Protein chains: 2
Amino acid sequence: MKVFKIPEATVMRLSVYSRYLYQLGREGVETVSSGDIAKGVGVSSAQVRKDLAYFGEFGTRGVGYKVEELYNHIIKILGLDQQWNVMIVGAGKLGSALALYQGFAERGFNITTVLDVDENIIGTKLGNIEVEPLEVLETRVKERNITIGVVAVPASAAQDVTDQLIKAGVKAILNFSPRVLKVPREVVLRNVDLSVNLEVLSFNLVFNS
Amino acid sequence: MKVFKIPEATVMRLSVYSRYLYQLGREGVETVSSGDIAKGVGVSSAQVRKDLAYFGEFGTRGVGYKVEELYNHIIKILGLDQQWNVMIVGAGKLGSALALYQGFAERGFNITTVLDVDENIIGTKLGNIEVEPLEVLETRVKERNITIGVVAVPASAAQDVTDQLIKAGVKAILNFSPRVLKVPREVVLRNVDLSVNLEVLSFNLVFNS
DNA sequence: AGCATTTTGTGAAAAAAATATCTATTATTT
DNA sequence: AAATAATAGATATTTTTTTCACAAAATGCT
Ligand SMILES: NC(=O)c1ccc[n+]([C@@H]2O[C@H](COP(=O)([O-])OP(=O)(O)OC[C@H]3O[C@@H](n4cnc5c(N)ncnc54)[C@H](O)[C@@H]3O)[C@@H](O)[C@H]2O)c1
Ligand SMILES: NC(=O)c1ccc[n+]([C@@H]2O[C@H](COP(=O)([O-])OP(=O)(O)OC[C@H]3O[C@@H](n4cnc5c(N)ncnc54)[C@H](O)[C@@H]3O)[C@@H](O)[C@H]2O)c1
């Protein structure tokens with residue numbers, strides 16, 4: 001029921017702010033100004049205040065923000081005050097790295113299931129998750145209440161896997177394959193295209209010289 | 001000496017267009033309109049034309065673009081008509097996945113060197129690259145003419161590794177650690193923050209419901 | 001050859017985002 | 001208690017990016 005539209009850049013920055021606040025919290029800092037945050041994460045102080053202003057008033061004029069309080073607010077805004085069950089499809093190099101990464105659990109993302117089609121991979125363990133065959137996709141999504149699907153299969157299989165995830169009831173998809181995916185409007189899609197990132201670097205190297 | 005500023009979003013889209021054109025080329029398609037490209041990658045046709053207009057006139061009115069020709073132009077724009085030597089620092093889960101990924105070489109990114117500090121990892125092979133100790137960083141950057149450094153170490157080591165890369169002469173850095181890095185203005189930096197991506201999903205799941 | 005059709009390239013308009021400025025509120029100092 | 005300083009929140013301005021819309025080519029059809 002979105003009324004205001006929040007810039008995606010704002011959401012991404014909030015995520016970064018929250019991690020900086022977490023760090024400050026652990027260092028024992030109790031209050032922080034928009035300028036401090038700005039300095040810490042490399043944006044302007046006006047930007048920090050603007051980003052927060054979309055969601056309410058969290059600070060005290062003349063004083064700043066309470067680190068812990070602001071942190072909790074942002075965590076809530078980002079939906080990280082709850083657990084999200086995640087399925088990774090494709091237990092290759094990248095899928096395995098993601099499955100083994102502890103950082104996601106710390107932020108409330110529970111990687112409950114990893115699937116593959118390769119007989120040699122199915123049955124192996126990634127940490128304490130056993131890789132299961134693609135056939136159980138729908139069953140697992142339903143019984144484990146999985147809302148987020150991660151696509152880490154070759155480009156040729158990406159759309160097919162995506163369709164299966166959506167049919168099974170997944171609400172959001174993080175796509176690592178270099179393929180433009182078609183999803184219904186109500187499904188949230190994000191693409192992480194690692195090649196594009198390298199190519200932006202090479203462009204800048206050529207262009208700025 | 002940059003005269004016009006090109007939106008970063010434009011550069012990212014060009015990368016996506018180029019891959020779509022590559023695909024079309026392999027399917028034997030010879031000409032394509034801005035509308036076709038738009039449909040294929042999910043943007044507007046005006047956007048496609050505007051993006052290209054920053055760099056010249058590549059099409060024929062009433063006809064469209066020659067697939068191969070436009071592809072070559074974009075490859076040139078992105079600096080992919082040359083080889084880039086890349087060093088990955090951190091041969092953990094993510095660094096290994098990146099080192100073993102064939103897709104980068106296909107786009108002109110030559111991963112020549114992978115470094116780590118862990119005695120158990122140094123000396124092991126990733127494909128045909130042997131993981132070497134961090135100590136050789138400067139030597140390798142120089143002798144192998146490395147211009148791009150990939151930071152795939154824990155956040156606590158990220159700034160230190162970055163400083164070493166820059167001191168050794170690397171011109172661009174792709175950072176996978178969840179840490180805001182400080183780099184001199186002339187060094188190109190891009191952050192790939194995988195947690196942020198998941199958090200944008202959870203935000204949208206909460207916000208749009 | 002003339003006319004209809006397609007589709008680029010582009011200037012103008014609109015929308016979105018970032019930045020700067022101003023105002024109000026709190027805390028601190030004198 | 002008044003003056004001063006700090007800083008959030010609101011508003012205004014500027015900049016950037018996207019979208020729109022149309023004239024200018026190129027093609028093909030009659
Ligand atoms: N590894 C990287 O660093 C990297 C970088 C950029 C992009 N990518 C992209 O990420 C994706 C995965 O890359 P990777 O390097 O892990 O590849 P990979 O080949 O190591 O792993 C892919 C895995 O997917 C499995 N698979 C294939 N079809 C499947 C299906 N229909 N259902 C379930 N599993 C299936 C394969 O068995 C394999 O284990 C690819 O699309 C790749 O282009 C990877
Ligand atoms: N694996 C993922 O899916 C994932 C997801 C999001 C972010 N990240 C980030 O990417 C980075 C790497 O993640 P990972 O999962 O590969 O971690 P990892 O622990 O598997 O690997 C890190 C590697 O870096 C090495 N290292 C440590 N200090 C070093 C130094 N100073 N110089 C060279 N090497 C050093 C370690 O020996 C280790 O091999 C981390 O910053 C992590 O937060 C990873």
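Computed from a predicted model, the values in this text were never measured in an experiment. By convention in this document, chain letters (A, B, ...) are assigned in the order of the sequence lines, proteins followed by strands, and residues within each chain are numbered from 1. The analysis underlying the following values was restricted to heavy atoms, covering all of them including side chains, and did not include hydrogens, waters or symmetry mates.
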Does a side-chain N or O from [X] land closer than 4.0 Å to OP1 or OP2 of [N], or not?
{"X": "B:Tyr65", "N": "C:dG9", "answer": "yes"}
{"X": "A:Gln47", "N": "C:dA17", "answer": "no"}
{"X": "B:Arg49", "N": "C:dT8", "answer": "yes"}
{"X": "A:Ser34", "N": "D:dA8", "answer": "yes"}
{"X": "B:Arg13", "N": "D:dT17", "answer": "no"}
{"X": "B:Ser44", "N": "D:dT19", "answer": "yes"}

Touch class at under 4.0 angstrom, heavy-atom based, for A:Ala46 against every strand present: base
Touch class at under 4.0 angstrom, heavy-atom based, for A:Thr10 against every strand present: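 Nothing, no heavy atom under 4.0 Å.
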Under-4.0 Å salt bridge between A:Arg19 and B:Asp193: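 Counted as a salt bridge, because a side-chain N and a carboxylate O are separated by less than 4.0 Å.
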Residue met sooner reading DNA chain D from 5', once A:Val63 and A:Glu57 are mapped to nucleotides: A:Val63
Pair B:Arg190-A:Asn197, side-chain donor/acceptor within less than 3.5 Å: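 Side chains of B:Arg190 and A:Asn197: pair found under 3.5 Å.
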Donor-acceptor side-chain pairing of B:Arg49 and B:Ser34 below 3.5 angstrom: yes
base_contact_polar (C:dG9 base, B:Arg61 side chain, donor-acceptor, <3.5 Å):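 Under the 3.5 Å cut-off, the side chain and the base do not form any donor-acceptor pair.
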Check: C:dT10 base within 3.5 Å donor-acceptor of B:Lys50 side chain: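 Between C:dT10 and B:Lys50, which were checked side chain against base, a qualifying N/O pair under 3.5 Å is absent.
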A:Glu8 CD to C:dA15 P, straight-line distance once rounded to whole Å: 21 Å
Centroid separation B:Tyr101 to B:Phe104 less than 6.0 Å: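 Centroid separation for B:Tyr101 and B:Phe104: below 6.0 Å.
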5' priority, DNA chain C, between A:Gly62 and A:Asp51 [closest heavy atom]: A:Asp51
